[in-house]
Amino acid sequence: MSIGYACIAVGLIGSNQKSCITKNASEEKLYELIEHNLNALEVMIDYNIQNNIKLFRISSDIIPFGSSAVNNIKWWEKFESTFQRIGSKIKNAGMRVSMHPGQYTVLNSPHEDVVSRAILDLDYSARVLDSLELSAKNKIILHIGGIYQNKIEAVQRFCENYKCLDESVKQRLVIENDDKSYNVFDVLEIGKNMMIPVVFDNLHNAVNPYDNVHSEVYWINECKKTWKKNDGIQKIHYSQQDLNKRVGSHSATIKINEFLEFYNQIDHDNIDIMLEVKDKNLSAVKCINCTTTVKKIKVLEKEWSKYKYKILECSQENYLMVRRLLIKKDDYPAIEFYNIIEDALLKEINTENSVNAAQHVWGYFKNIATESEKKVCLKSIELLKKREISTNSIKNILWKMTVKYEEKYLLDSYYFVM
DNA sequence: CACCGTCAAGTCGCA
DNA sequence: TGCGACTTGACGGTG
């Protein structure tokens with residue numbers, strides 16, 4: 001059983017992906033971007049290994065214009081050794097990765113050019129995974145596509161076009177229920193007929209259900225039947241609704257209690273769970289730490305070192321609660337720990353707390369900063385007290401000093417990214 | 001340096 | 001018929 005996250009690692013230096021607009025997509029520029037993005041991928045893979053994260057989605061933007069004529073670089077040749085090195089790390093760690101072309105990759109379109117671009121997109125995704133020399137258990141996830149006023153014909157077109165796909169794509173391709181057009185029943189029909197594994201997405205199912213009779217567990221068990229030995233263990237997508245946004249929007253973080261309720265209902269030892277959530281790796285680590293059988297408080301202490309100034313900024317009370325919680329060194333109060341953090345993050349940030357947090361962070365530098373840095377910082381904190389500057393401004397100033405003085409404890413802090 | 005429009009894609013709902 | 005929303009972070013130009 002693995003829990004993972006998609007594409008981006010929040011608060012991880014050197015992991016950002018770069019892109020450019022078509023106008024600027026010269027060969028030189030593209031080469032530079034690919035090199036950068038592969039570096040960033042390796043940074044994320046290393047991070048995953050260090051944090052025991054064994055499930056990860058590689059961004060489809062890893063190679064800018066990877067499936068377009070705009071990019072003529074034979075990147076799989078030019079960066080062959082880089083791909084092999086990263087792929088080895090993935091394999092040796094027992095990590096499983098995937099790719100997920102977005103809503104604009106539509107295999108069942110009635111427009112020939114749209115379909116051929118979709119095929120190129122799938123070929124590209126497979127080529128990335130092939131270049132990493134990973135097995136067919138490392139999947140490409142696709143939605144069925146549009147309806148075009150006739151679902152039966154649209155499904156037929158999907159199946160016909162699927163048959164035309166390259167074998168390297170077919171052995172990796174899995175299909176997922178979406179939030180508008182194809183519910184889990186529709187996708188299962190296709191999956192069973194075409195022998196394609198089905199990924200169950202709980203939020204899509206909540207938004208676009210087949211009926212209100214069958215439970216999530218029922219559908220997960222139905223989907224399980226579509227996964228064959230060569231496909232690896234069943235994969236599902238899990239996310240929670242952002243209550244302030246439109247129906248189907250992913251939440252900022254995974255509420256741990258709600259997750260555990262779901263987790264405890266399913267056959268979690270035989271399922272890989274991909275989280276779709278704004279805070280990405282943060283929620284993945286949270287869910288892993290709350291379900292692990294290895295219960296070491298050191299893990300929570302490490303988490304606390306990253307969260308603490310952010311929590312101090314939100315709530316002094318919660319900050320003190322966590323400190324009390326982590327005193328007993330033979331305990332492992334992971335769920336309580338994350339409940340206090342979730343609670344703090346929901347609170348409105350007031351001036352007093354944001355000043356307090358900034359002063360704590362400034363404390364790392366007050367003996368090493370130059371006179372001018374000291375002047376700027378203290379002035380900014382005074383302005384913050386009067387709400388004349390934003391918390392982002394002060395965080396930018398403090399972040400620059402963190403980088404300059406390589407303040408290790410702060411470099412990983414979520415204070416700067418939340 | 002902060003801010004914000006733009007990009008890039010295909011479908012669908014609505015005027 | 002055509003346009004805006006959906007999605008996403010970063011780009012890229014402006015002030």
Side-chain angles (χ1 to χ4, degrees), chain A residues 5-12 14-26 29-30 32-34 36-37 40-41 44 57-71 99-122 124-125 141-151 153-155 157-158 161 176 178-182 201 203-204 207-208 237 239 241-242 245-252 276-281 376 380 383-384 388-401 403 416-418:
Chain A
Y5 67 100
C7 305
I8 288 167
V10 172
L12 181 61
S15 71
N16 64 314
Q17 298 280 320
K18 288 192 172 187
S19 62
C20 70
I21 55 174
T22 316
K23 197 180 71 178
N24 299 330
S26 65
K29 177 78 176 172
L30 287 170
E32 183 189 311
L33 293 173
I34 295 167
H36 174 95
N37 288 350
L41 174 64
M44 288 191 277
R57 181 189 300 162
I58 296 171
S59 167
S60 293
D61 297 328
I62 182 97
I63 309 292
F65 305 99
S67 63
S68 152
V70 169
N71 186 342
M99 292 186 75
H100 189 3
Q103 57 190 312
Y104 303 114
T105 301
V106 186
L107 190 59
N108 77 337
S109 174
H111 307 286
E112 228 173 278
D113 55 326
V114 173
V115 175
S116 54
R117 275 199 294 275
I119 292 171
L120 287 174
D121 230 14
L122 294 170
Y124 151 69
S125 304
I141 295 103
L142 187 68
H143 292 292
I144 304 302
I147 301 270
Y148 316 94
Q149 291 98 48
N150 189 331
K151 203 167 190 171
E153 282 179 14
V155 168
R157 248 189 339 267
F158 179 89
N161 293 338
E176 181 194 351
D178 67 68
D179 58 348
K180 279 204 177 72
S181 308
Y182 294 91
D201 182 306
L203 188 58
H204 290 160
V207 171
N208 179 27
H237 288 174
S239 57
Q241 173 69 45
D242 186 326
K245 297 205 176 130
R246 64 159 198 94
V247 171
S249 287
H250 297 146
S251 62
E276 295 183 317
V277 58
K278 295 277 160 53
D279 72 359
K280 305 285 180 182
N281 49 316
V376 170
S380 299
L383 290 173
L384 187 64
E388 283 171 18
I389 59 165
S390 66
T391 55
N392 273 347
S393 306
I394 192 111
K395 284 185 186 183
N396 282 339
I397 293 165
L398 292 166
W399 175 247
K400 272 182 199 144
M401 303 216 313
V403 172
F416 298 108
V417 293
M418 294 175 96

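Lettering of chains follows the sequences in order, A, B, ..., and the numbering in each one begins at 1. Worth knowing before you read on, the calculation uses all heavy atoms, side chains too, and leaves out hydrogens, waters and symmetry mates.
Here the P atom of nucleotide dA9(B) and the CZ atom of Phe65(A) are 8 Å apart, to the nearest Å.
Remark: Ser59(A) engages Cys7(A), Asp61(A) in a side chain to side chain contact (heavy atoms under 4.5 Å, CB included) (not counting sequence neighbours). Contacts of Lys151(A) classified as salt bridge (Lys or Arg N to Asp or Glu O under 4.0 Å), with partners at least two apart in sequence or in another chain: Asp186(A). Applying the side chain to side chain contact (heavy atoms under 4.5 Å, CB included) criterion to Glu388(A), with sequence neighbours excluded, gives Leu383(A), Lys386(A). The salt bridge (Lys or Arg N to Asp or Glu O under 4.0 Å) search around Lys245(A) returns Asp242(A), not counting sequence neighbours. Residues satisfying the side-chain hydrogen bond (donor to acceptor under 3.5 Å, both in side chains) test with Ser393(A), not counting sequence neighbours, are Ser390(A). Applying the side chain to side chain contact (heavy atoms under 4.5 Å, CB included) test to Glu32(A) and every residue at least two apart in sequence or in another chain returns Lys29(A).
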Close N or O pairs between protein and nucleotides 2-5 of chain B (under 3.5 Å):
{"residue": "dA2(B)", "atom": "OP1", "partner": "Asn396(A)", "partner atom": "ND2", "Å": "3.1"}

Review item, nucleotides 10-15 of chain B N/O atoms under 3.5 Å of protein N/O:
{"residue": "dG10(B)", "atom": "OP1", "partner": "Arg117(A)", "partner atom": "NE", "Å": "2.9"}
{"residue": "dG10(B)", "atom": "OP1", "partner": "Arg117(A)", "partner atom": "NH2", "Å": "2.6"}
{"residue": "dT11(B)", "atom": "OP1", "partner": "Ser109(A)", "partner atom": "OG", "Å": "3.0"}
{"residue": "dT11(B)", "atom": "OP1", "partner": "Tyr148(A)", "partner atom": "OH", "Å": "2.2"}
{"residue": "dC12(B)", "atom": "OP1", "partner": "Ile147(A)", "partner atom": "N", "Å": "2.5"}

Just the atom pairs and distances: protein N or O near nucleotides 10-13 of chain C's N or O, under 3.5 Å.
{"residue": "dG12(C)", "atom": "OP1", "partner": "Asn24(A)", "partner atom": "ND2", "Å": "2.2"}

Pairwise N/O distances under 3.5 Å, protein to nucleotides 1-5 of chain C:
none

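The gap from the C1' atom of dG4(C) to that of dG5(B) amounts to 16 Å, rounded to the nearest Å. Atom P of dA9(B) sits at a distance of 16 Å from the matching atom of dG12(C), rounded to the whole Å. The same atom, P, is picked in dC7(B) and in dC3(C); the two are 15 Å apart, to the nearest Å.
Checking side-chain atoms of Tyr148(A) against main-chain N and O of Glu153(A) turns up no donor-acceptor pair under 3.5 Å. Checking side-chain atoms of His36(A) against main-chain N and O of Asn16(A) turns up a donor-acceptor pair under 3.5 Å. A distance-only check finds a donor-acceptor pair linking the side chain of Asn161(A) to the backbone of Arg157(A) [under 3.5 Å].
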Let's go through Arg57(A) and Glu276(A) carefully: what are the C-alpha distance in whole Å and the side-chain angles of both, what is the deciding distance for side-chain contact (heavy atoms from CB on, under 4.5 Å) to 0.1 Å, and is it a yes or a no? CA-CA 10 Å; Arg57(A) 181 189 300 162; Glu276(A) 295 183 317; 2.8 Å; yes
If a pair means Watson-Crick or G-U wobble with both distances below 3.5 Å, what does DNA chain B look like in dot-bracket form, with | marking bases paired to a different strand? ||||||||.||||||
Taking only distance into account, with no hydrogens and no angle test, what donor-acceptor pairs under 3.5 Å do side-chain atoms of residues 108-119 of chain A form with protein atoms, sequence neighbours excluded?
{"residue": "Asn108(A)", "atom": "OD1", "partner": "Gly146(A)", "partner atom": "N", "Å": "3.1"}
{"residue": "Asn108(A)", "atom": "ND2", "partner": "Gly146(A)", "partner atom": "O", "Å": "2.9"}
{"residue": "Asn108(A)", "atom": "ND2", "partner": "Ala154(A)", "partner atom": "O", "Å": "3.4"}
{"residue": "Asn108(A)", "atom": "ND2", "partner": "Tyr182(A)", "partner atom": "OH", "Å": "3.4"}
{"residue": "Ser109(A)", "atom": "OG", "partner": "His111(A)", "partner atom": "N", "Å": "3.0"}
{"residue": "Ser116(A)", "atom": "OG", "partner": "Glu112(A)", "partner atom": "O", "Å": "3.2"}
{"residue": "Ser116(A)", "atom": "OG", "partner": "Asp113(A)", "partner atom": "O", "Å": "3.0"}

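Here the closest non-hydrogen pair linking Gly248(A) and Leu203(A) is O-CD2, 3.5 Å. Asn37(A) approaches Lys18(A) most closely through the heavy-atom pair OD1-N, 2.8 Å. The heavy-atom pair separating Thr105(A) from Leu142(A) by the smallest distance is O-CD1, 3.8 Å.
Residue His204(A) forms a side-chain contact (heavy atoms from CB on, under 4.5 Å) with just one option from Glu176(A), Lys180(A), His237(A), and that option is Glu176(A).
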